[in-house]
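Just so you know, these numbers come straight off a predicted model, no measurement behind them. All heavy atoms count here, side chains included; hydrogens, waters and symmetry mates do not. Whatever order the structure lists ligands and atoms in, that order sets their numbers, starting from 1.
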Amino acid sequence: MNINNPTADQETHFFSDVCKNFDHAAQFTKHDAGLLDQIKSCNSVYRFRFPIRKGNSFEVIDAWRVEHSHHQSPTKGGIRYSEMVNEDEVMALAALMTYKCAIVNVPFGGAKGGIKINPKSYSVGELENITRRYTVELIKKNFIGPSIDVPAPDYGSGEREMGWIADTYATMNPGQLDALGAVTGKPISLHGIAGRREATGRGVAIAVRECVSVGEDMQKIGLTAGLSGKKVIVQGLGNVGYYSAKFLSEFGAVIVGLCEFEGAIYNEDGLDVEAVFQHRKSTGSILGYAGAKQEFKNTMDGLEQPCDILVPAALENQITAQNIGSIKAKIIAEGANGPTSPEAEEAFYKAGGMIIPDMYANAGGVTVSYFEWLKNLSHVAFGRINRRFEENSNLNLVNMVEGITGVPLTPIQRATIVKGASELELVNSGLEDTMIRSYHEIREIYKSNPAIGTLRNAAMVGAINKIAVSYQNLGVWP
Ligand code: GLU
């Protein structure tokens, strides 16, 4: 899909691209062909249509929910609200969710939903009707529930929509104690979790920071180790792109380019992400931002400007055989799902680059969704029970050390040491730990056999092995 011209091509190769990646990686595993086929297939594809009232007339909406793999329950994945959504895309995204969850050790199968609308063409009331009706259709077919299938936000949806889903599900299941665990990415006031909104972007930034911290790998692609001063271009200023850019710049990178569907801006000395975001919010366009040295009407031109790291965080199929030769970055970090075509990936590695693959790079969202689901099932916010206890223990320790050494701490030092962890701090630390450990798991596989060739293959090999073990544990396969 071309972000500039979304109606141009209704391509249907995304799921087969994901399967190609799977088949390629499967060669490096030792599993039975039947088991591999079971892992790869989409288990359940539910396509449905429902009417909604729009003004004085009715409109029929196309929608999907795909549960790719039931090796773990519940299945998990976002709901995409987009005019361009189609069955192939939802299947591909559901499959990516399965592999993504396995890679970051989140105990869910993969799923994805799609509602074929342009949310901007509907009033808030109409969007609420569509979302609630979509939820009812899922309930009717047992395609939603805290132990069945748990939706979340995706492109075109957010906390507001998840709130409507939670309310509809809870209303239709009176007395179900865990009803709020039927959807994640909810507003905090509706039992969502601190840090979920930023989680995918924060995860992308941690993934990039971890990747560039490995000197040996950076040397091979002609970069120095460390994020400080690295030049980054980000495509997409939606939830994932905005937070990726924000945290990357907080971690020391320089955001030199930002691209949106209306165009791109560039400044080799750096752009102020927050100021660009506010400029776009008030003018409706990324173009015209005073701090940019160059502007491009075509978002694709923005991707091709000089940088060390490119973060495509918009839609799939943005980097293809056609434009890969013009990409100057040495690292592509896939914030979006499926932004790089298999042909482009091959060419990029041949030219000495490396790609941090989507199924790992953007797994921060589902990781924190997992924490939210745990919070909903346990009916208590993280930190609530132990925080004060922790603070009292820390206080006793600080008083004791001060007493023994006779050296008093400053009030700021004292407050920092004594303070118990908040929910946000716990979530962020769990996310960071997950992203760092998973990166090194993937890297170990990548290094174990040069024929594996790419981090995507390595991530997929790891995912296949973990899913195979789940099937074996279920007693389904010997
Ligand atoms: N839509 C997000 C993704 O693609 C989040 C999924 C979730 O939190 O379940 O990873």
How would you list, by chain and number, the residues with a heavy atom under 4.0 angstrom from ligand 1?
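Lining ligand 1 at under 4.0 Å, by heavy atoms, one finds K76, G77, G78, M97, K100, K112, A152, P153, D154, R196, N337, G365, V366, S369.
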In terms of relative ring orientation, are Y370 and F108 parallel, tilted or perpendicular, with 30° and 60° separating the classes?
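The arrangement is perpendicular - the two ring planes meet at more than 60°.
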Under 3.5 Å, is there a donor-acceptor pair between the side chain of S244 and the main chain of V204?
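Checked: no pair found.
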Could you work out, with side-chain hydrogen bond (donor to acceptor under 3.5 Å, both in side chains) as the rule, every residue matching R202, not counting sequence neighbours?
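Only N428 meet the side-chain hydrogen bond (donor to acceptor under 3.5 Å, both in side chains) criterion with R202.
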Under the ring pair (Phe, Tyr, Trp, His ring centres under 6.0 Å) test, residues paired with Y349 that sit two or more places apart:
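Not a single residue meets the ring pair (Phe, Tyr, Trp, His ring centres under 6.0 Å) criterion with Y349.
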List in chain and number order the residues that pass ring pair (Phe, Tyr, Trp, His ring centres under 6.0 Å) with Y46, two or more places apart in sequence or in another chain; answer none if no residue qualifies.
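Counting only residues at least two positions away or on another chain, Y46 forms a ring pair (Phe, Tyr, Trp, His ring centres under 6.0 Å) with F48, F143.
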In plain terms, say whether E423 and K375 are close enough for a salt bridge, that is, a side-chain N and a carboxylate O under 4.0 Å apart.
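A salt bridge is present here (some side-chain N lies under 4.0 Å from a carboxylate O).
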